[in-house]
Structures are given as C-alpha cells and as structure tokens.
Amino acid sequence: MTSEKILKLKKMGQYIKILYVEDDKSVSEQFYRFLKKIFSNVYTASNGIDALKLYKKSSYDIVITDIEMPHMDGIEMIEKIRDINEEQAIVVTSAYNNSQYLLKLIDNRIDKFILKPFNNNNIFKVISKLVIQIYKEKKLEQKEVKLKSTQMLNNAVFNKMDVPLLVINENIV
C-alpha cells in the first residue's frame with residue numbers, strides 16, 4: 001500500500017466509526033493499534049454481549065468481529081445486529097474456516113471474512129474498500145441534506161414574498 005493511499009484512507013477514516021470485537025487480548029491490542037493509525041473512532045469489546053450493548057448505544061460504520069468468543073459468539077452477535085440494522089457493514093476475522101461457520105456467515109450477509117493470522121496488506125485492502133464505499137455514501141447523504149435544506153430555504157423565502165418573482169435558470173422562466 002502506497003503512502004498516498006494510506007493518507008487518503010486516514011483522511012476518510014476521520015469520519016468512520018469502528019466497533020472491533022475480539023476476546024484474545026494480545027490480538028485485540030495489536031489490531032486496535034493498527035486501526036487507530038487510520039481511524040479516529042475505534043471502540044472495542046471482548047465478547048458479543050458487551051459489543052451488543054455498545055452497538056445499541058451508538059451507531060457504527062463498520063463492525064469487525066471474531067467468531068469464537070465467551071458469553072455470546074460472533075455469529076449470534078451478528079444475527080442480533082442484523083435485527084437492528086440490516087445494512088450494517090460487518091467483517092469477520094477468525095482462525096477457523098469451518099464450513100458450518102461460513103454457511104451461517106453467508107446467511108447473515110457479512111461483507112468480508114478474513115482468516116487469522118492477519119496479513120496486514122490483505123486487511124488493509126478489505127478495510128479500504130469498505131471505507132471508500134461508506135465515505136462516498138456519507139458524502140452523498142450530506143449533499144442530499146444540503147440540497148433539501150437549500151430548497152426549503154428557497155421555498156420559505158419565495159412564500160414570504162409579497163410581489164411576484166421571475167426566476168430564470170438556464171434560459172428557462
């Protein structure tokens with residue numbers, strides 16, 4: 001990954017909120033440090049129950065989770081997140097590639113599955129694609145809100161006018 005791409009991702013990462021769920025403390029700390037180099041808003045949980053509590057209190061752009069965890073595994077957590085938000089971007093990381101897990105993950109429409117141990121270049125590519133997609137969607141939403149607000153202001157001004165107004169836009173009256 002070039003430094004230019006990393007800088008671009010960091011710029012977009014300021015607006016992205018991540019929930020990272022991992023029960024292995026050393027993996028969690030290492031990956032958290034990696035994520036914090038790119039994203040300003042990274043939140044962690046060590047199991048599905050704690051993650052779900054965080055999820056219910058706030059919204060996240062990307063959820064990255066392990067499968068095998070105490071109290072509530074990643075698959076059950078994903079199912080509960082899908083009940084709340086069907087469109088949530090979810091990346092699953094696991095050392096297991098058991099077909100039963102994979103089938104359940106496919107049924108839950110995860111965005112990506114990454115096998116542990118991590119390859120930083122691979123994980124960077126996966127996260128980059130998601131971030132770019134989410135960033136573009138957020139920018140589009142902001143433009144739509146701005147346009148709607150401008151239209152409402154224009155309508156309010158127009159409706160308050162006592163005299164007729166002639167509007168010419170690209171030679172159209």
Side-chain angles (χ1 to χ4, degrees), residues 5 8-24 27-28 31-32 34-116 118-152:
K5 287 183 180 180
K8 182 178 177 184
L9 189 61
K10 281 182 86 164
K11 182 179 176 186
M12 290 184 276
Q14 297 174 58
Y15 306 100
I16 304 294
K17 196 171 173 184
I18 306 276
L19 175 58
Y20 177 53
V21 191
E22 170 64 61
D23 65 318
D24 184 316
V27 172
S28 179
F31 195 59
Y32 174 81
F34 171 79
L35 291 170
K36 283 300 284 182
K37 289 179 181 177
I38 302 166
F39 304 101
S40 302
N41 301 301
V42 180
Y43 301 83
T44 60
S46 60
N47 62 65
I49 291 175
D50 291 344
L52 203 53
K53 286 178 186 174
L54 287 172
Y55 192 85
K56 288 177 179 179
K57 290 180 183 176
S58 186
S59 62
Y60 298 89
D61 297 297
I62 302 172
V63 174
I64 303 172
T65 185
D66 188 16
I67 295 176
E68 293 277 330
M69 295 181 291
H71 311 299
M72 178 189 294
D73 68 22
I75 293 172
E76 185 179 351
M77 182 197 71
I78 291 168
E79 289 170 351
K80 292 182 183 300
I81 286 174
R82 286 284 181 235
D83 288 342
I84 298 167
N85 179 2
E86 290 184 13
E87 302 302 317
Q88 179 63 60
I90 299 175
V91 176
V92 173
T93 63
S94 182
Y96 305 99
N97 61 359
N98 178 317
S99 62
Q100 288 297 101
Y101 286 148
L102 296 175
L103 291 173
K104 287 181 181 178
L105 294 171
I106 289 168
D107 285 345
N108 281 293
R109 301 171 324 279
I110 65 159
D111 293 270
K112 202 68 173 173
F113 179 86
I114 299 172
L115 208 53
K116 291 178 188 175
F118 297 131
N119 171 327
N120 283 349
N121 207 21
N122 183 31
I123 213 144
F124 195 83
K125 286 179 186 177
V126 168
I127 290 173
S128 294
K129 286 180 182 179
L130 278 174
V131 167
I132 290 167
Q133 177 185 343
I134 291 166
Y135 183 78
K136 286 179 180 178
E137 289 171 3
K138 284 185 171 203
K139 283 294 185 190
L140 182 61
E141 287 173 10
Q142 287 174 346
K143 285 180 181 178
E144 288 173 353
V145 166
K146 187 176 180 180
L147 178 63
K148 192 172 189 172
S149 147
T150 301
Q151 288 172 337
M152 288 173 57

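When a residue number appears, it is its place in the shown sequence, counting from 1.
Looking at L35 and I127, their side chains come closer than 4.5 Å, going by heavy atoms from C-beta outward. Here the side chains of Y55 and M77 are not in contact, with every heavy-atom distance at 4.5 Å or above. Under the 4.5 Å side-chain criterion, counting only non-hydrogen atoms from C-beta, I38 is not in contact with V131. You'll find the side chain of T65 stays beyond 4.5 Å of the side chain of I81, heavy atoms only.
Around NZ of K136, the count of heavy atoms belonging to other residues, nucleotides or ligands within 6.0 Å does not exceed 12. In the displayed structure, K17 atom NZ is contacted under 6.0 Å by more than 12 heavy atoms of other residues, nucleotides or ligands.
With sequence neighbours left out, the side chain to side chain contact (heavy atoms under 4.5 Å, CB included) criterion links R109 to R82, E86. Residues meeting the side chain to side chain donor-acceptor pair (under 3.5 Å) test with D61, sequence neighbours left out: K138. Remark: K116 pairs with E22, D66 by the salt bridge (Lys or Arg N to Asp or Glu O under 4.0 Å) rule, at least two apart or across chains. The side chain to side chain donor-acceptor pair (under 3.5 Å) test applied to K112 returns no partner, not counting sequence neighbours. The ring-ring contact (aromatic ring centres under 6.0 Å, His included) test applied to F31 returns Y20, F34, F118, not counting sequence neighbours.
Here the shortest heavy-atom pairing between D111 and A89 reads OD2-CA, 3.1 Å. Taking all atoms of both residues into account, the shortest heavy-atom contact from V21 to G48 is CG1-N, 4.4 Å. Considering all non-hydrogen atoms of both residues, S128 and L9 come closest at OG-CD2, 3.4 Å.
Here the straight-line distance linking atom CD of E76 with atom CD1 of I49 works out to 8.0 Å at 0.5 Å rounding. Residue M72 holds its CE atom at 11.5 Å from CD1 of I78, rounded to the nearest 0.5 Å. Note that CG of L52 and CD of E79 are 11.5 Å apart. Values are rounded to the nearest 0.5 Å. One distance of note links CD1 of I16 with NZ of K10; it measures 15.0 Å at 0.5 Å rounding. One finds the CG atom of L130 at 8.5 Å from the CD1 atom of I64 (value rounded to the nearest 0.5 Å).
Under the 3.5 Å distance criterion, the side-chain polar atoms of S28 are left unmatched by any main-chain donor or acceptor of D24.
For residues 39-54, the set of pairs meeting the side-chain hydrogen bond (donor to acceptor under 3.5 Å, both in side chains) definition, not counting sequence neighbours, comprises N47-D50.
Here the options are Y32, Y60, F39, the test is side-chain contact (heavy atoms from CB on, under 4.5 Å), and the partner is I18; only F39 passes.
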